[in-house]
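Working notes for the structure below.
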Amino acid sequence: MLTEQDAIRLQETLRQQVIPTDVLPAQLNIVAGVDVEYDKDSDLIAGAIVLLDYHTRETLAIATHCMQVEFPYIPGLFSFREMPVLLEAWYKLSTFPDVIICDGHGWAHPRRFGLACHLGVTLDRPTLGCGKTRLTGHFEAPAVERGSLSPLLAEDNGEHIGNVLRTQTGINPVFVSAGHKISLAAATSLVLQMTTEYRLPETTRKADQYAREALLQYKGML
DNA sequence: GCGACAG
DNA sequence: ATCTTGTCGC
């Protein structure tokens, strides 16, 4: 099995493959959201990938997968816990997205390799991270209006690793960072565009909903 | 040594 | 992550 030290070494290797600039289609058509749901009293988890039409936000496809978690939750190694289910769900898709919005961070990680980077490099597709809480970095609160943002700066060298973005006026901001093949600016504007009436992007909300549903159905079959 | 720590 | 509907407050 993968040890903690193995995981950290693997992160370093894969991190060097991250492309921090925009390598996106001229026109976006399909945006994906991914999320993983955990069972309260067992080690079962469900991963979901939802494809939405970029323009209408209509649901185009859903893929889910249930299995047991085999890696513990360790801040900084979070991707090793969620990658397996997400990859299994990914293999069930027959249509593919132009960009993937992950529930968690990308570059805004202690070693600059959060889930969004890991998934992006593994699938070699554009990804970005949109987390609900901070993992690393310091920031000032952005203005209260939707669209306001402030930079998330690395604790050691002050590097601009992400943006703290207010997606709804008067509601707590989210943490956006680049994953793979996308710039922070493009990632930030995409999150804002996919966020209509709630704090989180519709992609994330739908993925969360289908992951929860898949877990309940799977448990009901046991 | 102490606090912080995505989901 | 999970607990969790109605309720308190602006």
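Keep in mind it's a predicted model, so treat the numbers as computed, not measured. Lettering follows sequence order; numbering is per chain, from 1.
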Exercise. For Trp107(A), which of Val18(A), Leu152(A), Leu128(A), Ile182(A) qualifies under side chain to side chain contact (heavy atoms under 4.5 Å, CB included)?
Worked result: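 Option passing the side chain to side chain contact (heavy atoms under 4.5 Å, CB included) with Trp107(A): Val18(A).
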Problem set entry | Among Thr196(A), Thr195(A), Leu192(A), side chain to side chain contact (heavy atoms under 4.5 Å, CB included) partner for Pro201(A) |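 Checked Thr196(A), Thr195(A), Leu192(A) against Pro201(A); only one passes side chain to side chain contact (heavy atoms under 4.5 Å, CB included): Thr195(A).
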Exercise. Can Phe175(A) be called stacked on dA6(B) when the rule is centres closer than 5.5 Å and an angle between planes below 30°?
Worked result: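 Here Phe175(A) fails the 5.5 Å or the 30° condition.
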Spacing between [X] atom [atom1] and [N] atom [atom2], to the nearest angstrom:
X	N	atom1	atom2	answer
Asp39(A)	dA1(C)	CG	P	15 Å
Leu135(A)	dA1(C)	CG	P	14 Å
Leu165(A)	dA6(B)	CG	P	20 Å
Asn172(A)	dA6(B)	CG	P	15 Å
Asp208(A)	dG7(B)	CG	C1'	11 Å
Asp35(A)	dA1(C)	CG	P	8 Å
Leu215(A)	dG7(B)	CG	P	18 Å
Leu152(A)	dA6(B)	CG	C1'	12 Å

For this session: Go through dA6(B), dA1(C), dC3(C) for me and flag the one nearest to the Lys40(A) side chain.
Result: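 Looking only at side-chain atoms, Lys40(A) lies closest to dC3(C).
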Exercise. Looking only at atom P, what distance separates dC10(C) and dG6(C), rounded to whole Å?
Worked result: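 Per the computed distance, 22 Å lies between those P atoms.
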[X] side chain N/O closer than 4.0 Å to the phosphate oxygens (OP1, OP2) of [N]?
X	N	value
Ser79(A)	dA6(B)	no
Arg134(A)	dC5(B)	yes
Lys132(A)	dG7(B)	yes

For this session: For Arg81(A) and Phe71(A), indicate whether the former's side chain and the latter's backbone hold a donor-acceptor pair under 3.5 Å.
Result: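 Yes; judged by distance alone, with no hydrogens or angles, the pair exists.
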Using a cut-off of 4.0 Å on non-hydrogen atoms, how would the nucleic acid contact of [X] be classed: base, sugar-phosphate, or nothing?
X	answer
Asp103(A)	sugar-phosphate
Gly129(A)	nothing
Leu44(A)	nothing
Ile45(A)	nothing

Problem set entry | Side-chain donor-acceptor contact under 3.5 Å, Gln209(A) with Glu213(A) |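 Distance-only check fails for Gln209(A) and Glu213(A).
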Exercise. Can a cation-pi geometry be assigned to Arg134(A) and Phe139(A), taking NZ or CZ under 6.0 Å from the six-membered ring centre and within 45° of the ring axis?
Worked result: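 Because its charged atom misses either the 6.0 Å distance or the 45° angle limit, Arg134(A) does not stack over Phe139(A).
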